[in-house]
Peer 1: 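Below is a structure I'd like to ask you about.
Start at 1 and go down the list; that is how both ligands and their atoms are numbered.
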Amino acid sequence: MAAVPFVSVDLLALATNPSYFSTLPATSGVEPAVSLLSYHDSFKDLLGPNATAKLIGNYSHQAFHEGGVYNKETNTMIISSNYDVGPPPDNINITILSLDDWSIQSTAYPDLWNANGGTSYYPPGSNTSAPPRHQVWADEGDLEHPSSLVSVDVANNKTEVILNSFLGGRNFSSINDVRQHSQTGDIWFTDADYGWFQYFRPEATVPKQVYRFEPGTGVIQVVADGFVEPNGLEFSPDEKTLYVTDSGAAQWMQFNYTRPSTVYAYDIIDNKRLANRRTFAFADNGVPDGIHADTEGNLWVANGDGVHVWNPEGILIGKIYIGETSNNFAFIPGGVLVFTNNRLWLVSGIKAQGREICKDFGVGC
Ligand SMILES: *[C@@H]1O[C@H](CO)[C@@H](O)[C@H](O)[C@H]1NC(C)=O
Ligand SMILES: *[C@@H]1O[C@H](CO)[C@@H](O)[C@H](O)[C@H]1NC(C)=O
Ligand SMILES: *[C@@H]1O[C@H](CO)[C@@H](O)[C@H](O)[C@H]1NC(C)=O
Ligand SMILES: *[C@@H]1O[C@H](CO)[C@@H](O)[C@H](O)[C@H]1NC(C)=O
Ligand SMILES: *[C@@H]1O[C@H](CO)[C@@H](O)[C@H](O)[C@H]1NC(C)=O
Ligand SMILES: *[C@@H]1O[C@H](CO)[C@@H](O)[C@H](O)[C@H]1NC(C)=O
């Protein structure tokens, strides 16, 4: 494991010198590598002095794209690969990373056609004092199978479709990412249309929206619309705020940066509804994709050059800079696993702790 020093970014130099950033030693390398860019002193306090980094997977195919959901029973991290448009096209695989020995294998689960984001999941009636045995995955579907939410029992490779339409009347486009509210057990999810842009889903027949679904009763409602591509979503640690990324600048695997690369925030009312939509942050590089909060309420966001960290006021305090696109990442105790599609990076020895570490790992509570 190589120690990673912090590189202090001079904001006033950035303010007036557009070429300043590319002259930093950390950003001028030809190979992707981990650097910690500090945009505010609080970033050093948040991570602590002992960060190290290591490349643990470097593949010719894009095995490390989305998700990153820990399963305690098997001590594995479940990751989804990227869809390969081909030719020939290649469905999304599931990548299983062992946290015992960092070994990696590829698999597929029954009735999970094209997994994108996921989260750990307590089905109704679960014992929520123990780490969740199940996961719920956003299945983008394909040309034969509608987009759905699929519950996976990782230890047995068993799956169950728990939602595959809006009240029987409309299909989702490409469900993108999902979270479970800890107090209500409700599943909140985003529906984008990246399956259409990757040629494996029909054109959207519904607006791009955020939904709330009660797995115990079947109640479902739309809680937010007005997006180009609603993508990652995440609760604040107190579950009073919902963050949603809009990666609308990316469509058809092309970029138009006059569309959103933006994180929105909402107040959560009565644990059920949203109010007070506001612009929380705008990314300087790529599009914001998967997001996770830490226990102090900072928002970590996968972006075009690595993972950006915004404080609860929406100010960028630092980046885990890799120099290539990250679509998602996962907190582990004392660390974070960053997915950059062909590569998997481990950053460890950090003080910051993911919001769901206590629930998922049963440590750091
Ligand atoms: C950093 O590592 C040193 C030496 O192992 C240790 O004494 C210290 O507690 C660590 N600091 C943090 C914040 O983890
Ligand atoms: C990943 O593997 C490729 C092909 O073997 C190699 O050229 C490249 O240097 C590796 N990347 C890193 C960051 O080590
Ligand atoms: C799925 O896994 C197989 C075997 O590891 C690999 O050859 C293929 O490229 C993978 N496909 C994707 C889209 O990751
Ligand atoms: C729930 O899980 C906790 C922690 O593992 C355990 O102590 C408790 O016995 C479980 N309760 C039930 C009803 O299974
Ligand atoms: C589940 O699938 C994985 C990966 O394909 C395999 O290693 C494991 O043995 C399977 N487990 C069960 C209980 O079938
Ligand atoms: C939803 O998708 C399924 C499977 O692709 C299709 O059979 C069905 O007609 C679609 N329903 C609507 C309302 O579009």
Peer 1: Any carboxylate oxygen within less than 4.0 angstrom of a Lys/Arg side-chain nitrogen, looking at D225 and R277?
Peer 2: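 No salt bridge links D225 with R277.
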Peer 1: Quick check against the 3.5 Å criterion: does D270 have a side-chain atom that pairs as donor or acceptor with the backbone of K272?
Peer 2: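 Looks like no, no N/O pair under 3.5 Å.
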Peer 1: Give a yes or no on whether the backbone of F339 and the side-chain of S326 come within a donor-acceptor separation of less than 3.5 Å.
Peer 2: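 Yes, because the side chain of S326 sits within donor-acceptor range (under 3.5 Å) of the backbone of F339.
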Peer 1: Determine whether any protein heavy atom is located less than 4.0 Å from atom 9 (O) of ligand 1.
Peer 2: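 For atom 9 (O) of ligand 1 the answer is no, since every protein heavy atom stays at 4.0 Å or beyond.
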Peer 1: Parallel, tilted or perpendicular: which describes the rings of F227 and Y266, with under 30° parallel and over 60° perpendicular?
Peer 2: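 The arrangement is tilted - the two ring planes meet at 30° to 60°.
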Peer 1: Out of all atoms in ligand 1, which are within 4.0 Å of some heavy atom of N50? Include the element for each.
Peer 2: 1 (C), 2 (O), 3 (C), 8 (C), 10 (C), 11 (N), 12 (C), 14 (O)
Peer 1: Look at atom 14 (O) of ligand 1 and say whether a protein heavy atom is found at less than 4.0 angstrom from it.
Peer 2: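 Under 4.0 Å from atom 14 (O) of ligand 1, at least one protein heavy atom found.
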Peer 1: Indicate yes or no: does K240 engage D267 in a salt bridge with an N to O separation below 4.0 Å.
Peer 2: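 Salt bridge absent between K240 and D267.
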Peer 1: Salt bridge check: are D193 and R201 linked by an N-O gap of less than 4.0 Å?
Peer 2: no
Peer 1: Show your reasoning for whether salt bridge (charged side-chain N to carboxylate O under 4.0 Å, His left out) applies to D191 and K208.
Peer 2: CA-CA 6 Å; D191 184 30; K208 271 61 76 68; over 6 Å; no
Peer 1: Tell me whether ligand 6 is touched by P202 - counting only heavy atoms on the residue side and a distance under 4.0 Å.
Peer 2: no
Peer 1: Going by the atom numbers of ligand 5, which of them fall below 4.0 Å from some non-hydrogen atom of T107?
Peer 2: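 What qualifies from ligand 5 is 4 (C), 5 (O).
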Peer 1: Measuring from non-hydrogen atoms of A108 to any atom of ligand 5, is the shortest distance under 4.0 Å?
Peer 2: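 For ligand 5, residue contact (heavy atoms, under 4.0 Å) with A108 is absent.
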Peer 1: Using a strict cut-off of 4.0 Å, indicate which atoms of ligand 1 neighbour a heavy atom of K351.
Peer 2: 13 (C)
Peer 1: Within ligand 5, which atoms have a heavy atom of A155 less than 4.0 Å away?
Peer 2: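 Every atom of ligand 5 under 4.0 Å from some heavy atom of A155: 13 (C).
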Peer 1: If the cut-off is 4.0 Å to any non-hydrogen atom of G169, which atoms of ligand 6 fall inside it?
Peer 2: 13 (C)
Peer 1: Identify the protein heavy atom lying closest to atom 2 (O) of ligand 6, giving its residue, its atom name and the separation to 0.1 Å.
Peer 2: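 Atom 2 (O) of ligand 6 sits closest to the protein heavy atom N171 ND2, 2.3 Å.
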Peer 1: Mark whether atom 4 (C) of ligand 1 lies under 4.0 angstrom from at least one protein heavy atom.
Peer 2: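 It does not: no protein heavy atom is found less than 4.0 Å away from atom 4 (C) of ligand 1.
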Peer 1: Taking the basic N atoms (NZ, or NE/NH1/NH2) and the acidic carboxylate oxygens, is any pair closer than 4.0 Å for R259 and E229?
Peer 2: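 Here R259 does not pair with E229 in a salt bridge, since their nearest N and O are not under 4.0 Å apart.
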Peer 1: Would you mind listing which atoms of ligand 1 come within a distance below 4.0 Å of any non-hydrogen atom of P49?
Peer 2: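 Contacts of ligand 1 toward P49, numbered from 1: 13 (C).
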Peer 1: Can you report which non-hydrogen protein atom sits closest to atom 12 (C) of ligand 5, along with the distance?
Peer 2: N157 ND2, 3.4 Å
Peer 1: When you measure from the side chain of H61 to the backbone of A63, do you find a donor-acceptor pair of N or O atoms at a distance under 3.5 Å?
Peer 2: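 Absent.
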